[in-house]
2 protein chains.
Amino acid sequence: MFKSLFSQKGLSLERMRGFLEMAEAGSIAGAAPGDVVRQSLISRQIRELEEFFSAELTIRKGKTLALAPEGVRLAAIIREQFQTLEDFRSVQVNVPRVFTLCAGASTLEWMVTPFLTDLARVLGGVQLRTEMRRSRPLVEAVREGSVDLGIVRRDAIPDPSRKNCEPIVELSFHLCVPKQLLPRKTTPDRLSDTAMWQDLPFAAGRDGGQLDGAIRDAMEQLGVSFRPRFECGSMLQVRSLVQQGGCAAILPNVALSGLDPNRVFSIPFRPLAGYGRTLVLHWNPRQMNRRDVSLDTLRDAAQVLAAAVPEAK
Amino acid sequence: MFKSLFSQKGLSLERMRGFLEMAEAGSIAGAAPGDVVRQSLISRQIRELEEFFSAELTIRKGKTLALAPEGVRLAAIIREQFQTLEDFRSVQVNVPRVFTLCAGASTLEWMVTPFLTDLARVLGGVQLRTEMRRSRPLVEAVREGSVDLGIVRRDAIPDPSRKNCEPIVELSFHLCVPKQLLPRKTTPDRLSDTAMWQDLPFAAGRDGGQLDGAIRDAMEQLGVSFRPRFECGSMLQVRSLVQQGGCAAILPNVALSGLDPNRVFSIPFRPLAGYGRTLVLHWNPRQMNRRDVSLDTLRDAAQVLAAAVPEAK
DNA sequence: AGTATTGCTGACTTTGTAGTCATGTTTAAA
DNA sequence: TTTAAACATGACTACAAAGTCAGCAATACT
């Protein structure tokens with residue numbers, strides 16, 4: 001049984017590991033940054049695997065390597081096998097299994113990080129590892145199995161269904177203004193007057209993402225010259241500025257939970273009403289099945305994340 | 001990634017192989033018959049795996065070893081992983097993949113062996129390996145993945161469904177008598193008279209299976225003293241004797257295709273009418289899915305086997 | 001063109017594991 | 001109780017693989 005795997009040399013767990021590391025990193029140098037010794041080792045291990053399988057696993061793509069179609073398949077096989085073995089061992093040693101959760105930068109900040117412990121508990125006491133990725137590579141990573149869970153807009157999933165995702169929240173955006181920046185006795189409804197915005201000191205993100213651009217576009221369409229006084233690398237900093245009373249800002253509903261309504265007015269930001277999308281928890285059904293995570297558990301996890309978002313008023 | 005698999009020594013493909021061989025054979029000595037050297041090697045490999053996983057994979061059961069529950073799980077994992085790697089390699093090297101087909105002794109003789117080439121073609125040019133096993137271990141082997149396809153009575157499958165089996169044929173039994181053993185101008189319908197049977201020289205199987213016993217019981221109930229002149233180790237030999245005109249015999253419908261109706265009369269053998277069972281092709285849905293065998297292909301395979309059986313008249 | 005980065009190759013050393021052997025221990029059966 | 005079978009263990013050898021190093025070739029960036 002399985003003679004053909006052993007009658008020939010060139011197959012070993014270490015070689016598979018070297019190849020997988022290259023596959024994950026996208027290049028040999030990326031797999032072992034600053035370690036030329038290991039780079040040369042991986043290079044040879046890949047060649048030996050290619051000889052063993054008589055397959056071109058990699059192709060040169062300019063200066064770096066890329067996976068050939070066969071390489072993509074083998075990498076998926078190896079990843080799954082290693083993970084299965086690791087899970088088996090984790091159960092035996094009574095150590096929590098490792099799950100990877102992936103989302104966009106701001107989503108991780110707003111929704112995930114503050115609730116990691118709850119999430120880990122719902123998933124059965126697992127160890128969670130978070131990663132930042134944009135929508136498209138995120139969905140791809142879930143598909144190929146290198147990521148267990150993703151938080152992503154539903155429309156980024158090619159075939160959204162009850163089997164591979166669960167809604168978390170409907171995104172919406174709000175204009176948030178600290179009271180102290182407004183004339184005394186200003187009521188929240190007066191904030192709808194765009195004329196008032198002109199003089200407000202704004203803070204905005206500078207992450208180059210879609211959201212930031214959409215806000216600027218919307219402001220321009222309203223005829224408001226939007227020149228934020230602060231451009232922050234992280235939206236967490238923006239919220240912090242708003243909370244301290246120094247700035248106004250456009251914030252997503254998932255960020256409102258940290259603001260004191262007695263000190264900060266917030267009203268829906270109409271121009272971005274159509275920009276709202278459904279965020280879903282996304283997973284690979286085969287992988288979750290293999291790792292013994294039930295659909296119910298996944299829906300519970302989505303619930304935990306949903307509970308983190310205050311209801312829109 | 002997967003650091004825990006490599007930060008500790010004790011895991012290797014060879015060790016997994018040694019363990020799997022023991023698991024398949026049910027004991028170390030069985031895994032390496034007559035090779036005490038390899039036996040001691042396997043013994044140590046198993047211990048090293050047990051240390052690596054901190055798990056009891058085996059338990060002493062009297063003189064031999066048996067798999068502990070954890071060992072059963074790990075063996076299934078390893079078998080699947082090795083098979084996946086072997087399949088991957090087979091596709092690359094353009095060598096047919098190996099599939100294992102399992103059935104009872106007589107079923108293998110009657111239905112499978114003569115049609116192996118057709119079957120291999122329908123399954124996509126695979127290499128077929130046949131194995132003899134009785135119903136219960138067969139179903140178990142399909143479940144754990146050590147066998148791809150089984151031919152078995154439907155009632156031996158715990159949860160028969162469209163997803164894990166497909167009917168092949170309804171078994172029935174026939175009394176077959178060469179013309180030359182009968183008085184001239186005897187018509188087939190006269191064969192219903194059990195008095196005629198008394199003087200016929202019968203051939204019968206001697207495989208100790210259910211079928212043989214059932215025939216003898218039925219004869220006894222009919223008041224016929226059934227003392228076959230020939231007791232053959234294989235039912236193929238029985239059919240051969242009938243074909244040559246030397247003997248009468250009770251044969252299953254799946255054996256009739258080899259008989260010349262002009263030289264041999266055959267009529268349904270009523271006493272065993274209730275003994276007929278549905279034979280099905282049985283498989284493990286997860287395994288067939290992993291090995292890229294579609295349900296359609298499996299149904300085609302069942303068709304091929306069904307076509308081997310002549311219609312009952 | 002010059003330079004830095006990336007990957008490939010050949011010649012090593014070191015390490016882990018497979019493989020071998022002799023011998024001990026447990027267990028089942030004669 | 002004796003015997004034989006099945007498995008375990010310790011001490012080795014042989015070998016394949018991992019790991020190391022120096023140098024080369026191809027590519028991209030400036």
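Letters A, B, ... are given to chains in the order of the sequence lines, protein chains preceding strands, and every chain is numbered from 1.
Relative to the ring axis of A:Phe6, B:Arg17 places its NZ or CZ within 45° and under 6.0 Å from the centre.
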Would B:Val238 and B:Phe230 satisfy side-chain contact (heavy atoms from CB on, under 4.5 Å), going step by step from the backbone distance to the final call? CA-CA 8 Å; B:Val238 173; B:Phe230 303 100; over 6 Å; no
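Here B:Arg38 reaches the OP1 or OP2 of C:dG19: one of its side-chain N or O atoms lies under 4.0 Å away. For the OP1/OP2 pair of D:dA6 and a distance below 4.0 Å, the side-chain nitrogens and oxygens of B:Thr64 include no atom meeting the criterion.
Per the geometry, CD1 belonging to B:Ile42 stands 16 Å off C1' belonging to D:dT9, to the nearest Å. Atom P of nucleotide C:dC8 and atom CG of A:Leu57 are separated by 12 Å, given to the nearest angstrom. Regarding B:Gln39, its CD atom lies at a distance of 11 Å from the P atom of D:dA8, rounded to whole Å. Taking atom CZ on B:Arg47 and atom P on C:dT25, their separation rounds to 16 Å, with Å as the unit. When rounded to the nearest whole Å, the span between CD1 of B:Ile59 and C1' of C:dT26 equals 16 Å. Separating the CD1 atom of A:Ile28 from the C1' atom of C:dT5 is a distance of 13 Å, rounded to the nearest angstrom. Nucleotide D:dA17 holds its P atom 7 Å from the CD atom of A:Glu48, rounded to whole Å. Atom CD of A:Glu51 and atom C1' of D:dA16 are 15 Å apart (whole Å).
Only A:Lys9, A:Gly10, A:Ser12, A:Glu14, A:Arg15, listed by number, bring a heavy atom of residues 4-21 of chain A to less than 4.0 angstrom from any atom of DNA chain D.
With axes fitted over five pairs at each extremity, the angle between the ends of the helix from C:dA1-D:dT30 to C:dA30-D:dT1 is 30° (10° resolution).
Residue pairs meeting the salt bridge (charged side-chain N to carboxylate O under 4.0 Å, His left out) criterion with at least one member in residues 22-31 of chain A, sequence neighbours excluded, are A:Glu24-A:Arg79.
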For nucleotides 21-30 of chain D, just jot down a letter per nucleotide in 5' to 3' order: B, S or -, based on protein non-hydrogen atoms under 4.0 Å. B-----BS--
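A donor atom on one side chain and an acceptor atom on the other are found under 3.5 Å apart for A:Ser146 and A:Glu144. At a cut-off of 3.5 Å, with distance as the only test, a side-chain donor of A:Glu50 or A:Thr58 sits close to an acceptor on the other residue.
Among the atoms of the strands shown, only primed sugar atoms or phosphate atoms (P, OP1, OP2) are found under 4.0 Å from some heavy atom of B:Gln45.
Judged as a side chain to side chain contact (heavy atoms under 4.5 Å, CB included), and not counting sequence neighbours, the contacts of B:Asn164 are B:Ile157, B:Asp159, B:Ser161, B:His282, B:Pro285. By the salt bridge (Lys or Arg N to Asp or Glu O under 4.0 Å) test, B:Arg290 pairs with B:Glu80, sequence neighbours left out.
Screening B:Leu108, B:Leu101, B:Val280 for a side chain to side chain contact (heavy atoms under 4.5 Å, CB included) with B:Ile151, the sole residue that qualifies is B:Leu101.
For B:Glu51 and B:Arg47, the salt-bridge test passes: some basic side-chain N is under 4.0 Å from an acidic carboxylate O. With salt bridges taken as basic N to acidic carboxylate O contacts below 4.0 Å, none links B:Glu86 and B:Arg89.
For B:Glu70 against A:Phe88, the heavy-atom pair with the smallest separation is O-CZ, 3.6 Å.
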